[in-house]
Amino acid sequence: MTMKSKAGPIAALVAVLALGLSACSQGAPAGNSSTNNNASVGTATGAAPAPFSDKQVHLALIQQSGGGDYFQQYLNGVKLQAATMDVKLDVYDAKGDNAQQAAQLDQAIATNPDGIIITHGLPDTLCPGINKAEQAGIKVVIYDVIIQTCSPNTVQTQQSDAQIASLVLDQMTTDLGTGAKVGYVNVSGIAPLDRRDAVWQQYVAKNNWQQAFKTGKYTDSSNSDSVPLVYAALQANPDVTGLYCPYDELTKACVTALEQANMTDKVKVYGADISDADIAIMSAAGSPWVATGTTDPNAIGAADTRIMFLALAGQLNVTTVDFPPILVTQDMLRTNNITSMSGLRQAEPTLNIADIASAPWIPSIVFN
């Protein structure tokens, strides 16, 4: 069977939504402009401490990748929260190149910022730069990298990835039962995906699922790069009944591959993460994407920035922070006519985590 040359309605929706997303940075510093007005800024009730009271604070954000819905929303949250304190923010995007990320970390250190936030990447390539930064007196906050074995003083934040996985895999168990033949689309070596993989292995064993294949690619274009791999795996295993794809760029690849294989009515997809584009795909008629475990990346970006604020002010008394997720199902979206992140936040206000890393002197960001 050959791949169809024309995309079906769901795959076309994925493509249209992808075209609507613009890159946030090209590997050079970026300014503080925001692309999301759906947020309310609270009023600070206390005076800002040093260094905020003494000067304009300078931060750098080093992204392993800025591509895809998740990372663009995270960046939006960082920018909005930084703007509330008139922070100078430089943004670097390594576009999935780990060596480039290490080089950009060195570039950022050379500008002598007050703090550096790093999202994703590999400990081996990041640790030398992180230790160099901290030795220079630069505060570092890491998101979704296991770093504390080589840099024990670095603040490490992450989603509660075990819960993200278990929420959606509980739903998969309810839907498919035991003994099902399933496919798995994930990659190794990425901290949050490795944590979700550990939970997946437990559920496969507990439910006696038959894992027919594991495939997928993590790049700056994970969605488009993974589609042909998933399609080929489906052609070789047309009797699978469920796919677990625990990152939304991989989840979208699963949806597109299923449509190309004419299997959207035979296979259910279980994913991770959420965005306006993801909601549109999940809600579309005939979509196989039935559940996702998720946080709000906008809110996490803002929270990581507040964590950096507290660290700079000497008011942070923890070195690890976990962000709690929720389960979002296709039925929930359709029943409540939820078509956007704004509608989802209204239905699930716990997605707003403005109370995490808050202080009277920090204007809070609440996403609407």
Side-chain angles (χ1 to χ4, degrees), residues 21 23-30 59-75 78 89-111 113 115-136 138-159 161 185-198 214-227 229 245-250 253 272-273 297 300-301 304 308 320:
L21 299 171
C24 298
S25 174
Q26 300 299 318
L59 299 181
L61 172 64
I62 313 294
Q63 303 172 104
Q64 196 266 355
S65 173
D69 298 352
Y70 187 93
F71 301 114
Q72 292 182 30
Q73 291 181 95
Y74 179 95
L75 173 61
V78 172
L89 176 67
D90 296 336
V91 179
Y92 299 80
D93 179 0
K95 296 188 175 182
D97 185 327
N98 293 306
Q100 176 72 356
Q101 187 184 23
Q104 289 178 348
L105 177 53
D106 281 338
Q107 292 171 27
I109 293 169
T111 69
I116 297 176
I117 301 172
I118 303 175
T119 69
H120 299 82
L122 300 178
D124 289 348
T125 54
L126 291 173
C127 276
I130 290 169
N131 289 324
K132 178 181 177 182
E134 292 185 332
Q135 288 166 8
I138 300 169
K139 294 290 185 183
V140 179
V141 172
I142 292 284
Y143 177 58
D144 264 349
V145 186
I146 300 173
I147 209 74
Q148 289 180 323
T149 54
C150 63
S151 185
N153 296 322
T154 302
V155 179
Q156 180 175 305
T157 74
Q158 62 192 42
Q159 299 175 95
D161 290 293
V185 181
N186 198 4
V187 296
S188 301
I190 308 299
L193 300 185
D194 286 345
R195 290 190 289 264
R196 295 168 197 181
D197 175 73
K214 178 182 178 183
T215 192
K217 185 177 287 188
Y218 185 86
T219 67
D220 201 44
S221 303
S222 297
N223 179 354
S224 57
D225 289 346
S226 295
V227 169
L229 302 178
C245 321
Y247 163 41
D248 66 341
E249 296 304 306
L250 297 176
D273 310 320
I300 291 180
D304 272 346
M308 174 60 77
T320 59

Q: Would you say that Lys95 contacts Gln101 through its side chain, given a criterion of any heavy-atom pair below 4.5 Å between the two side chains?
A: no
Q: Please test Val78 against Leu89 for side-chain contact (heavy atoms from CB on, under 4.5 Å), starting from the C-alpha separation and ending with a verdict.
A: CA-CA 9 Å; Val78 172; Leu89 176 67; 3.8 Å; yes
Q: Closer than 4.0 angstrom, basic N to acidic O: yes or no for Asp225 and Lys217?
A: no
Q: Would you mind telling me which of Ile300, Leu193, Asp161 makes a side-chain contact (heavy atoms from CB on, under 4.5 Å) with Asp144?
A: Asp161
Q: Taking the side chain as every heavy atom from C-beta outward, state whether Val141 and Thr157 have any pair of such atoms under 4.5 Å apart.
A: yes
Q: Take the angle between the ring planes of Tyr143 and Tyr74 and call it parallel below 30°, perpendicular above 60°, tilted in between.
A: parallel
Q: How about Thr215 and Ser226: do any of their side-chain heavy atoms sit closer than 4.5 Å?
A: no
Q: Check the pair Lys132, Ile138 against side-chain contact (heavy atoms from CB on, under 4.5 Å), reporting the backbone distance first and the verdict last.
A: CA-CA 9 Å; Lys132 178 181 177 182; Ile138 300 169; over 6 Å; no
Q: Considering all heavy atoms of both residues, which atom of Asp220 and which atom of Gly66 are nearest to each other, and what is their separation?
A: OD1-N, 4.1 Å
Q: Are any non-hydrogen side-chain atoms of Ile130 and Leu105 less than 4.5 angstrom apart?
A: yes
Q: With the side chain counted from C-beta on, respond yes when Asp194 and Ile190 share a heavy-atom pair under 4.5 Å apart, and no when they do not.
A: no
Q: To the nearest 0.5 Å, what is the distance between CD (Gln72) and CD (Gln63)?
A: 9.0 Å
Q: Tell me, do Pro113 and Leu59 make a side-chain contact under 4.5 Å, heavy atoms counted?
A: no
Q: Hey, which of Asn98, Asp93, Thr119 is the one that makes side-chain hydrogen bond (donor to acceptor under 3.5 Å, both in side chains) with Gln64?
A: Asn98
Q: Thr154: what forms a side chain to side chain donor-acceptor pair (under 3.5 Å) with it, not counting sequence neighbours?
A: Glu134, Ser151
Q: Could you tell me the separation between the OH atom of Tyr218 and the OG atom of Ser188, rounded to the nearest 0.5 Å?
A: 13.0 Å
Q: Which heavy atom in Gly216 sits nearest to a heavy atom in Val185, and how many Å separate them?
A: CA-CG1, 4.0 Å
Q: Quick one: does Thr125's side chain have a donor or acceptor within less than 3.5 Å of a partner on Leu122's backbone?
A: yes
Q: Work out which heavy atom in His120 is nearest to a heavy atom in Leu126; give both atom names and the distance.
A: O-CD1, 3.7 Å
Q: Tell me the closest heavy-atom pair linking Ala60 and Tyr92, and the distance in Å.
A: CB-CE1, 4.1 Å
Q: Heavy atoms, side chains only, cut-off 4.5 Å: are Asp273 and Tyr247 in contact?
A: yes
Q: Rounded to the nearest 0.5 Å, what separates atom CG in Asp90 from atom CD in Gln104?
A: 11.5 Å
Q: Counting distance only, does the side-chain N/O of Glu249 pair as donor-acceptor with the main-chain N or O of Ser221 below 3.5 Å?
A: no
Q: So, taking the atom named SG in Cys150 and the one named CG in Asp124, what distance separates them when rounded to the nearest 0.5 Å?
A: 8.0 Å
Q: Quick one: pull up NZ in Lys139 and CD1 in Ile116 and give me the separation to the nearest 0.5 Å.
A: 13.0 Å
Q: Among Ile118, Ile117, Asn131, Asn153, exactly one meets side-chain contact (heavy atoms from CB on, under 4.5 Å) together with Val140. Which residue is that?
A: Ile118
Q: Could you check if a side-chain atom of Val155 sits within less than 4.5 angstrom of a side-chain atom of Ile142, using non-hydrogen atoms only?
A: no
